[in-house]
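Below is one structure; the comments refer to it alone.
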Amino acid sequence: MDYKKVIAERIKEMTNLETETIEKLIEQPPQPDMGDYAFPCFQLAKTMRKAPNIIAQELKTTINSNGFEKIENVGGYLNFFVGKATLNEVTIKKALEEKDKFGYSDIGNGKNVIVEFSSPNIAKPFHVGHLCSTAIGNSLYKILSSQGYNCIGINHLGDWGTQFGKLIVAIEKWVDEEALERDAIKELLRIYVKFHDEAEKDPTLEECARQRFKMLEDGCEKERILWQKIKDLSLKEFNKLYERLNVKFDSYAGESFYNDKIDSLVEELKQKNLLTESKGALVVDLSDFNMPPCIVMKSDGATIYATRDLAAAIYRHNTYNFHKNIYVVGTPQALHFKQVFKTLELMGYQWADDCVHVGFGLVKFEDKKLSTRKGDVVFLDELLDEAVSRSLKLIEEKNPNLENKELVAEKIGIGAVLFTYLKNNRERDIIFSWDDIINFDGETGPYVQYSYARGRSILRKAEGFNSKADYSKLKSKDEFELVKLISQFNENILFAIEKYEPSIVTRYIVDVAKAFNKFYNQYPIMSCDDDTLKAARLNLVEATTVTIKNALSLLGIEVVEKM
RNA sequence: GCGCCUUUAGCUCAGUUGGAUAGAGCAACGGCCUUCUAAGCCGUGUGUCAGGAGUUCGAAUCUCUUAAGGCGCACCA
């Protein structure tokens, strides 16, 4: 039941506003005891030439109040109170029937949506910064999928570019094969850093590296073999992390994948008269749009990331005929994507409008010493290990008899980290302090997982209890608030899609968990004398656990039955 | 220099697209486990919503402006 729509239609009968504009005006009153929905009458004041509070009063007396408990006018507001018994019953039954699919819809109608995310650079360590794209992208993938979109997750690996020339040179000169076998990324990083150190003394190394990359791009066998080796070794490491985070991709088509699609792209740009030569490079002039030029071909004839992104976008359109093509990449690259999208538009592709850059801020550490413990980065593995070990310590302290402690600790620790990454507005920088991760109190992943575990614990105890539920007896403010929140699950997901913003779901879960804990703490459930009320409460508990579980899964976080 | 972003309680942040008395968490202090998991619940807040001007019934939210900070501006990604 969509109350907004019902209200809008009834107000429409009495005013000259469209239902859509009315729906947009409808809001939630700041206090629950003021009602569930409110319609502000101020905008009507002009056309109706009456004071808002008079309009509200008149609407109140004439409006069809069927299905509402009551309708009140307060000042210029018309406040609606929905029928509690109905909403209780409809919401809880829906959650229990739909179970794992509660909150889902098929609004996406099977349309293809590409989510490019994670996209680490081969041969470089996966550090705490990479988790932004990975967590946000994975979550968007799940959120969109839950609403019937057919998502294609692409890990646009950074497996091409000048750095491979450097790596090839470095491997030939300095690699320690044994170390490479033991810990590939560490060794590759070591020689990569060494390359830069040496290049400062000997600038010809840079030139050498550029040549080797050009050779790689031209398909020389020796370079090709080394490149493949570097890629295989790195991917093996990355996949360990992806498994740990339970992140999957439908495609690993990285930058190198588009190497053979560059020539036709450049040809097409030429034909469309978009290329100009500038300082030896081929560029698309974007000065008409107040942007620096988009470089397509460097003066040495090699490609650059813009070239590969252009080729990738066209390839994706031809292959997937996408409804949206989403790039989960940090905000520092905003200009780059604006240039690429504009170039696509100039090429005459209307679908350039369907390309979206979903940006995010940087991960910073409050205590900078921590961020520099190993070189100048914190590896993601370290962060996860720290969170998991802290979680294990807490289990030992609070629930030492718990079975499968290590497994539970892993889920809680990783859940805590993901939750932190997905809690804030994604464009904001995340300021981490080691304490934030160690602290599992308050609005955190462990808090919502704990709420879920509490609910499940009750439900285990209630197994075998069988009585008909009387939902009209859930009439306390706290019970109804919880029901209301649960009923708003789907609209929160849709809002998250509209904004490409997983944090909307994260915050929603916190609200549900808070409302649940409040309810849990104040009202007896198992020890409730009235069987029909007890049944109603138990079903409300179950509806809550269903909601928390489904919502957390949209963030890529698993629940635990006990903790 | 140009462009984009940020600025809300001691700290970290929300604020549903312009609505009712600006809210959470952390930290601090006090209370609640002989009843369903205390990783919980309840209570305690004198905020220049960075400053100024404007738009209107109404602004943390929109416009202009000033300040502080961040990011980006051609062969790295």
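Hydrogens, waters and symmetry mates are skipped; everything else that's a heavy atom, side chains included, is used. A, B, ... follow the sequence lines: proteins, then strands. Residue 1 opens every chain.
The side chain of A:Thr331 contributes no N or O atom lying less than 4.0 Å from OP1 or OP2 of B:C71. Under 4.0 angstrom from either OP1 or OP2 of B:C41 there lies at least one side-chain N or O belonging to A:Tyr447. Side-chain nitrogen and oxygen atoms of A:Tyr450 include at least one within less than 4.0 Å of the OP1 or OP2 phosphate oxygen of B:A39.
Considering only side-chain atoms of A:Ala38, the nucleotide from B:A39, B:A14, B:A20 that sits closest is B:A20. Side-chain proximity of A:Arg428 to B:A14, B:C76, B:U37: nearest is B:A14. Listed candidates were B:U16, B:A74, B:G72. Nearest to the side chain of A:Ile295 is B:A74. For A:Gln43, taking side-chain heavy atoms from C-beta onward, the closest of the listed nucleotides B:C57, B:A77, B:U37 is B:C57. Residue A:Pro293 has its side chain nearest to B:A74 when only B:G72, B:U37, B:A74 are considered. Here the side chain of A:Asn290 is nearest to one of B:G3, B:C13, B:C71, namely B:G3.
Listed for the A:Glu501 side chain is a donor-acceptor partner under 3.5 Å among the backbone atoms of A:Arg426. At least one donor-acceptor pair closer than 3.5 Å links the side chain of A:Thr15 to the backbone N or O of A:Ile11.
To the nearest whole angstrom, the two P atoms, one in B:C13 and one in B:A50, are 15 Å apart. Comparing B:C57 with B:G52, their C1' atoms are spaced 24 Å from each other, to the whole Å. For the C1' atoms, the distance from B:C26 to B:U65 is 36 Å, rounded to whole Å. A distance of about 39 Å separates the C1' atoms of B:U35 and B:U16, rounded to the whole Å. Between B:G58 and B:G40, the two P atoms lie 44 Å apart (nearest whole Å). For B:A9 and B:G45, the C1' atoms lie 7 Å apart once the distance is rounded to whole Å. One C1' atom belongs to B:A67, the other to B:A20, and the distance between them is 33 Å to the nearest Å. Taking atom C1' on both B:G54 and B:U46, the two are 29 Å apart, rounded to the nearest angstrom.
Note on A:Gln333: a base of the nucleic acid sits closer than 4.0 angstrom, heavy atoms only. Base engagement by A:Phe440 is indicated by at least one non-hydrogen atom pair under 4.0 Å involving a base atom.
Pairing for B:U44 goes to B:A28, judged as Watson-Crick or G-U wobble with the two contacts each under 3.5 Å. Under the Watson-Crick or G-U wobble criterion, with both distances below 3.5 Å, B:U35 has no partner in any strand shown. Across all strands shown, B:A74 has no partner, as no Watson-Crick or G-U wobble contact with both distances under 3.5 Å is found. Pairing partner, B:A59: none, since no Watson-Crick or wobble contact has both distances short of 3.5 Å. B:C64 is paired with B:G52 under the Watson-Crick or G-U wobble criterion, all donor-acceptor distances under 3.5 Å.
For the pair A:Thr162 and A:Val408, both in contact range of RNA chain B, the more 5′-proximal nearest nucleotide belongs to A:Val408.
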Nucleotides 26-36 of chain B: which of its N/O atoms have a protein N/O under 3.5 Å away?
unit_1, atom_1, unit_2, atom_2, d
B:C26, O3', A:Asn439, ND2, 3.4
B:C36, O3', A:Lys461, NZ, 3.0
B:C36, O2, A:Met526, N, 2.9
B:C36, N3, A:Ile525, N, 3.2
B:C36, N4, A:Tyr520, O, 2.5
B:C36, N4, A:Tyr523, O, 2.6

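Comment: A:Lys4 does not engage A:Glu23 in a salt bridge, judged by the lack of any side-chain N to carboxylate O separation of less than 4.0 angstrom. Ionic pairing of A:Lys534 and A:Asp530 is not present here: no N-O contact between side-chain nitrogen and carboxylate oxygen is shorter than 4.0 angstrom.
Between A:Trp227 and A:Trp160, the ring-plane angle classifies as perpendicular under the 30° and 60° cut-offs.
Taking the side-chain hydrogen bond (donor to acceptor under 3.5 Å, both in side chains) definition, one finds that A:Arg390 meets it with nothing, sequence neighbours left out.
Taking the six-membered ring wherever Trp is involved, the centroid distance between the rings of A:Phe337 and A:Tyr327 falls below 6.0 Å. Annotation: A:Tyr508 is in aromatic contact with A:Phe489 [ring centroid separation under 6.0 Å].
Under 3.5 Å, the side chain of A:Ser278 and the base of B:A74 form at least one donor-acceptor pair of N or O atoms.
Counted by atom type alone, A:Thr276 and A:Asp285 present zero donor-acceptor pairs between their side chains at under 3.5 Å.
Regarding the sugar-base torsion, B:U65 falls in the anti class, its angle being beyond 90° of 0.
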